[in-house]
J.: 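Provided herewith is a single structure, encoded as structure tokens, for subsequent inquiry.
Every chain is numbered from 1 and lettered A, B, ... according to where its sequence line falls, protein lines coming before strand lines. A quick note: this is a predicted structure, and the numbers were derived from the prediction, not measured.
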There are 2 protein chains.
Amino acid sequence: MAKKSTTRANSESTDDYLKAILTIGGPQEDRVTGNALAEHLQVRPASITGMLQKLSGQETPLVEYEKHRGARLTPAGKRRALEVIRHHRLIELFLHDILDYPWDEVHAEAERLEHFISERMEERIAAKLGDPLIDPHGHGIPRKDGSLPERREVCLSELAAGNTGVVTSVSDRRPDVLRELKNLGIVPRAHLTVTERRAGSRPMRVRIGPASQDIPLTVRLSSAIYVSQ
Amino acid sequence: MAKKSTTRANSESTDDYLKAILTIGGPQEDRVTGNALAEHLQVRPASITGMLQKLSGQETPLVEYEKHRGARLTPAGKRRALEVIRHHRLIELFLHDILDYPWDEVHAEAERLEHFISERMEERIAAKLGDPLIDPHGHGIPRKDGSLPERREVCLSELAAGNTGVVTSVSDRRPDVLRELKNLGIVPRAHLTVTERRAGSRPMRVRIGPASQDIPLTVRLSSAIYVSQ
DNA sequence: AATGCAATTTAGGCACACCTAAATTCTGGG
DNA sequence: CCCAGAATTTAGGTGTGCCTAAATTGCATT
Ligand SMILES: [Mn+2]
Ligand SMILES: [Mn+2]
Ligand SMILES: [Mn+2]
Ligand SMILES: [Mn+2]
């Protein structure tokens with residue numbers, strides 16, 4: 001019924017640190033500060049220090065780290081981070097397309113399972129889905145070889161009035177936001193036109209697809225939407 | 001990307017201990033000895049003691065335990081054990097039927113994932129499979145309410161010559177054994193007749209289904225097969 | 001150049017689940 | 001009844017990852 005599951009090659013925590021460094025550092029792979037990591041991972045800064053020391057002090061370090069100068073991924077760390085992200089996004093699509101999960105629930109489930117599926121299962125899921133390249137929220141799925149084409153997308157909240165764009169992706173962290181977006185028809189590939197943009201905290205207004213009416217979008221929503229022009 | 005996953009209600013280890021106690025204790029739920037648990041879980045006896053103390057000393061104890069007198073599940077512990085077994089067997093069937101896993105690989109994957117899927121995912125998998133009651137190896141899948149009808153099955157290795165039976169289940173731990181059984185056509189619902197049984201370590205011989213020839217079965221194989229007469 | 005605060009690191013601890021070695025306790029023969 | 005050997009428990013440790021409190025360090029701004 002059980003066996004010696006001693007030490008998994010990469011722990012759940014390690015995976016999460018690597019993903020966080022990749023995400024925060026962005027495509028340019030800037031050095032990431034401890035504070036940013038602490039915020040992102042919801043962990044105290046002191047804990048970050050300890051973990052970075054460990055991750056950078058291993059036989060094959062996953063992180064490059066010097067006191068007070070932040071952290072960045074080593075090639076090995078980046079490889080693992082992309083692998084976990086591949087797991088995450090394949091699982092999301094799988095839950096959505098095969099198990100009929102609503103799109104606001106897939107993220108939480110994938111966030112846990114991404115650490116525990118085998119390479120075999122990754123392969124089977126990818127096959128079942130036909131080696132997909134996009135997850136339910138429009139995010140790119142890293143390929144088996146770790147490649148992930150860069151996107152040219154901007155956050156809708158940064159678009160000025162008059163601009164038009166196609167939704168490329170939406171942030172998947174907040175189920176409530178995802179549900180509202182779905183209701184509004186704001187999903188990847190939808191067309192949006194910014195019809196109004198006032199100063200201050202007045203919500204922007206957008207027209208969705210071929211609609212004749214425009215609707216208001218609070219920052220809570222607009223900042224979760226990414227478009228390409 | 002991550003969050004405070006502080007303490008899951010039941011840890012992977014806890015789940016494994018509960019499953020082991022249920023399995024070893026059998027349907028009569030005998031008290032299980034520390035040694036048997038140590039053997040089953042591949043852990044030192046001292047570790048068993050510590051864990052049993054913890055599991056029996058909680059707010060709502062999962063285990064009933066008194067020094068030197070072994071352990072048995074409390075109702076709460078049994079409920080959790082059956083829930084994990086339900087997860088395990090649903091996952092096995094799912095991997096086999098939906099993801100086209102070979103039947104000798106499902107056990108290892110399920111053994112890990114059973115601890116991490118949500119109730120939502122359990123529900124979706126069960127729905128996708130049509131609320132199944134039997135896993136790929138012929139084991140019963142506990143129902144949502146925790147019920148699991150008892151089986152009347154005997155191990156093939158205990159059958160005398162001349163007896164006939166229908167395979168009800170096969171042990172799923174050893175991939176190599178499972179592969180051989182599949183090759184021989186020994187799967188749940190197959191008909192077997194014991195044609196020969198000698199003393200000593202001479203392998204028994206069985207006829208499979210309507211075959212005209214009988215084949216030898218070493219104890220390694222016959223002890224993994226359960227039949228009903 | 002000085003300083004004052006924010007960011008980071010160190011120190012000391014905790015919970016988990018495991019281990020080894022060294023007690024105990026129990027039990028079945030004699 | 002007694003006692004050795006087996007089973008179990010206790011004692012003392014380890015590695016992971018987290019926390020709080022108490023240093024440090026570095027940097028922006030005078
Ligand atoms: Mn996600
Ligand atoms: Mn996504
Ligand atoms: Mn199994
Ligand atoms: Mn099974």
Side-chain angles (χ1 to χ4, degrees), chain A residues 1-21 24-25 30-59 61-72 80 111-112 115-116, chain B residues 1-21 24 30-59 61-72 77 84 111-112 115-116:
Chain A
M1 210 136 216
K3 48 176 46 108
K4 49 173 87 290
S5 69
T6 324
T7 326
R8 236 182 290 276
N10 298 283
S11 72
E12 200 174 342
S13 280
T14 295
D15 285 351
D16 286 336
Y17 275 76
L18 300 179
K19 279 203 303 174
I21 294 170
I24 300 172
D30 301 320
R31 268 200 298 258
V32 172
T33 70
N35 248 12
L37 280 171
E39 163 64 23
H40 190 96
L41 293 169
Q42 290 290 292
V43 148
R44 308 281 78 167
S47 307
I48 299 289
T49 300
M51 194 68 171
L52 289 181
Q53 288 172 339
K54 187 193 149 198
L55 292 175
S56 63
Q58 292 171 152
E59 354 57 55
L62 298 169
V63 164
E64 208 179 294
Y65 161 77
E66 287 168 287
K67 271 191 194 182
H68 295 285
R69 324 186 79 248
R72 64 183 348 175
R80 176 62 187 170
E111 193 67 30
R112 212 165 349 97
H115 310 288
F116 304 111
Chain B
M1 210 137 216
K3 47 177 47 109
K4 48 171 90 292
S5 68
T6 323
T7 327
R8 235 182 292 276
N10 297 284
S11 73
E12 201 175 341
S13 280
T14 295
D15 284 352
D16 286 336
Y17 275 77
L18 299 179
K19 278 203 304 174
I21 294 170
I24 300 171
D30 300 319
R31 269 200 297 260
V32 171
T33 70
N35 248 14
L37 280 171
E39 164 63 23
H40 190 97
L41 294 168
Q42 290 290 291
V43 148
R44 309 274 87 160
S47 307
I48 299 289
T49 301
M51 194 68 170
L52 289 180
Q53 286 172 341
K54 187 192 149 201
L55 292 175
S56 63
Q58 293 171 151
E59 354 58 56
L62 297 169
V63 163
E64 208 179 294
Y65 160 77
E66 286 167 288
K67 270 190 194 182
H68 294 284
R69 323 187 78 249
R72 63 184 349 177
V84 177
E111 193 68 28
R112 212 166 349 97
H115 310 287
F116 303 112

J.: With sequence neighbours excluded, what pairs up with A/R80 under the side chain to side chain contact (heavy atoms under 4.5 Å, CB included) test?
T.: A/N10, A/D15, A/L18, A/E83, A/V84
J.: Measure the spacing between OG of A/S13 and NE2 of A/H115 and express it to the nearest 0.5 Å.
T.: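 It is 8.5 Å, given to the nearest 0.5 Å.
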J.: Side-chain atoms of residues 46-54 of chain A: list all donor-acceptor pairs with protein atoms under 3.5 Å, sequence neighbours left out, distances to 0.1 Å.
T.:
from, atom 1, to, atom 2, distance (Å)
A/T49, OG1, A/P45, O, 3.4

J.: Between atom CD of B/Q58 and atom OG1 of B/T14, what is the distance when rounded to the nearest 0.5 Å?
T.: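 Between B/Q58 CD and B/T14 OG1, I get 6.5 Å after rounding to 0.5 Å.
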J.: I'd like to check B/V63 versus B/Y17 (side-chain heavy atoms, cut-off strictly below 4.5 Å). Are they in contact?
T.: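 SC-SC contact between B/V63 and B/Y17 ruled out.
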J.: Can you tell me how far OG1 of B/T33 sits from NE2 of B/H40, rounded to the nearest 0.5 angstrom?
T.: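 B/H40 atom NE2 to B/T33 atom OG1 measures 12.0 Å (nearest 0.5 Å).
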J.: Provide, to the nearest angstrom, the distance between the CG atom belonging to A/D15 and the P atom belonging to D/dG17.
T.: 10 Å
J.: So, does B/S11 get its side chain near the phosphate of C/dA17, meaning an N or O under 4.0 Å from OP1 or OP2?
T.: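 It does, given that an N or O in the side chain of B/S11 lies less than 4.0 Å from OP1 or OP2 of C/dA17.
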J.: Once salt bridge (Lys or Arg N to Asp or Glu O under 4.0 Å) is applied, do any residues pair with B/R69, and if so which ones, sequence neighbours excluded?
T.: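 For B/R69, the residues satisfying salt bridge (Lys or Arg N to Asp or Glu O under 4.0 Å) (neighbours in sequence not counted) are B/E66.
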J.: Whole angstroms only, please: what is the NZ-C1' distance between B/K54 and C/dC18?
T.: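 B/K54 atom NZ is separated from C/dC18 atom C1' by 12 Å.
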J.: Atom CG of A/L41 and atom P of D/dG17: how far apart are they, to the nearest Å?
T.: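 Between P of D/dG17 and CG of A/L41: 12 Å.
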J.: Is any side-chain N or O of B/S13 closer than 4.0 Å to OP1 or OP2 of C/dC16?
T.: no
J.: If you measure from CG on B/N35 to CD1 on B/I24, what distance do you get to the nearest 0.5 Å?
T.: 10.5 Å
J.: Rounded to the nearest Å, what distance is computed from the CG atom of residue B/L62 to the P atom of nucleotide C/dA17?
T.: 12 Å
J.: Grab the CD-C1' distance between A/E12 and D/dC18 for me, whole Å please.
T.: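 After rounding, the gap between these two atoms is 14 Å.
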J.: Taking OP1 and OP2 of C/dA6, is either one under 4.0 Å from a side-chain nitrogen or oxygen of A/N35?
T.: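 No, because none of the side-chain N or O atoms of A/N35 sits under 4.0 Å from OP1 or OP2 of C/dA6.
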J.: Is the distance from OP1 or OP2 of C/dC16 to the nearest side-chain N or O of B/Y17 less than 4.0 Å?
T.: no
J.: How many Å lie between CD on B/E39 and C1' on D/dT8, as a whole number?
T.: 16 Å
J.: Tell me, for nucleotides 9-15 of chain D in 5' to 3' order, what letter each nucleotide earns: B for a base near a protein heavy atom under 4.0 Å, S for only sugar-phosphate near one, - for neither?
T.: BB-----
J.: Please give, in whole Å, the distance from D/dG17 P to A/L18 CG?
T.: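 For the pair A/L18 CG and D/dG17 P, the rounded distance is 11 Å.
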J.: Can you sort out the partners of A/D30 under side-chain hydrogen bond (donor to acceptor under 3.5 Å, both in side chains), two or more places apart, ordered by chain and number?
T.: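 side-chain hydrogen bond (donor to acceptor under 3.5 Å, both in side chains) check on A/D30 returns A/Q28.
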J.: For the pair made of CG in B/L37 and C1' in C/dC18, what is the distance, rounded to whole Å?
T.: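 These atoms are roughly 15 Å apart.
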J.: I'd like a list of close polar pairs between nucleotides 12-15 of chain C and the protein, N/O only, cut-off under 3.5 Å.
T.:
none

